[in-house]
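Working notes for the structure below.
Note on naming: letters A, B, ... go to the chains in the order of the sequence lines (proteins, then strands), and numbering restarts at 1 for each one.
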Amino acid sequence: GDSVTQTEGPVTVSESESLIINCTYSATSIAYPNLFWYVRYPGEGLQLLLKVITAGQKGSSRGFEATYNKETTSFHLQKASVQESDSAVYYCALGEGNNRIFFGDGTQLVVKP
Amino acid sequence: EAAVTQSPRNKVTVTGGNVTLSCRQTNSHNYMYWYRQDTGHGLRLIHYSYGAGNLQIGDVPDGYKATRTTQEDFFLLLELASPSQTSLYFCASSVTGGAPDTQYFGPGTRLLVL
């Protein structure tokens with residue numbers, strides 16, 4: 001079935017350092033799934049960070065970006081310079097077009113001041 | 001901004017107890033979802049609905065019932081709670097069920113079954 005694998009957390013980085021959280025996917029029910037990054041801040045529900053529905057395209061939001069790579073089946077999340085307020089849990093997710101979204105296990109990001 | 005609320009935020013019950021988790025969305029979304037999240041696992045879909053009176057089975061439905069009474073309200077019922085159902089539960093909604101559509105999440109309910 002469809003699945004998502006992402007960097008196991010926690011990931012700890014210092015403020016102003018760069019970040020990459022890896023995400024790879026396996027889509028068996030659809031050739032070109034839609035890809036998402038959601039973020040969950042402490043005490044809150046998940047919220048959409050960015051999404052890309054076309055292979056080869058890049059999505060960006062709040063300084064984060066991710067490129068939909070069909071060849072490597074990857075959708076890595078990157079940020080050039082993190083801030084302490086970016087501390088949260090990040091979820092890579094795959095949408096297979098039939099009302100369903102499959103989530104990765106989540107990666108906790110801890111940004112040290 | 002879509003608004004999804006859940007109640008209670010925290011719940012403790014005993015094995016065999018009866019629990020109802022409530023979810024309300026106020027943005028006229030058609031689809032609503034119940035997920036559970038356990039440490040080391042992503043969100044797993046329990047049940048979902050595309051309208052009042054409708055119910056669809058997700059990936060981990062055993063031990064759970066759900067009911068969509070109105071477009072706004074979606075309830076998750078645990079009639080004989082077990083310790084394996086200790087988890088963090090999220091409700092979500094979306095305008096349509098199509099994959100590109102953003103799901104909006106509530107803040108979650110932490111359930112502890114002793």
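The contact between Gln37(B) and chain A is made entirely by side chain atoms (from C-beta outward), counting heavy-atom distances below 4.5 Å.
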**Report entry** From CA spacing to verdict: salt bridge (Lys or Arg N to Asp or Glu O under 4.0 Å), Arg44(B), Asp38(B)
**Finding:** CA-CA 9 Å; Arg44(B) 292 182 288 175; Asp38(B) 305 294; 2.5 Å; yes

Query raised in the report: For Arg24(B) and Glu72(B), what are the C-alpha separation, side-chain angles and deciding distance, and is it a salt bridge (Lys or Arg N to Asp or Glu O under 4.0 Å)?
Result: CA-CA 5 Å; Arg24(B) 166 166 283 201; Glu72(B) 293 78 20; 5.8 Å; no

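Taking 4.0 Å as the cut-off between side-chain N and carboxylate O, Asp59(B) and Arg100(A) count as a salt-bridged pair.
Put simply, the side chain of Ser87(B) never gets that close to the backbone of Tyr89(B): no donor and acceptor are under 3.5 Å apart. The backbone N or O of Asn27(B) sits less than 3.5 Å from a side-chain atom of Gln25(B), completing a donor-acceptor pair.
Within residues 106-114 of chain B, the residues having any heavy atom closer than 4.5 Å to a heavy atom of chain A are Gly106(B), Pro107(B), listed by residue number.
If you look at Tyr33(B) and Phe105(B), their ring centroids are not closer than 6.0 Å.
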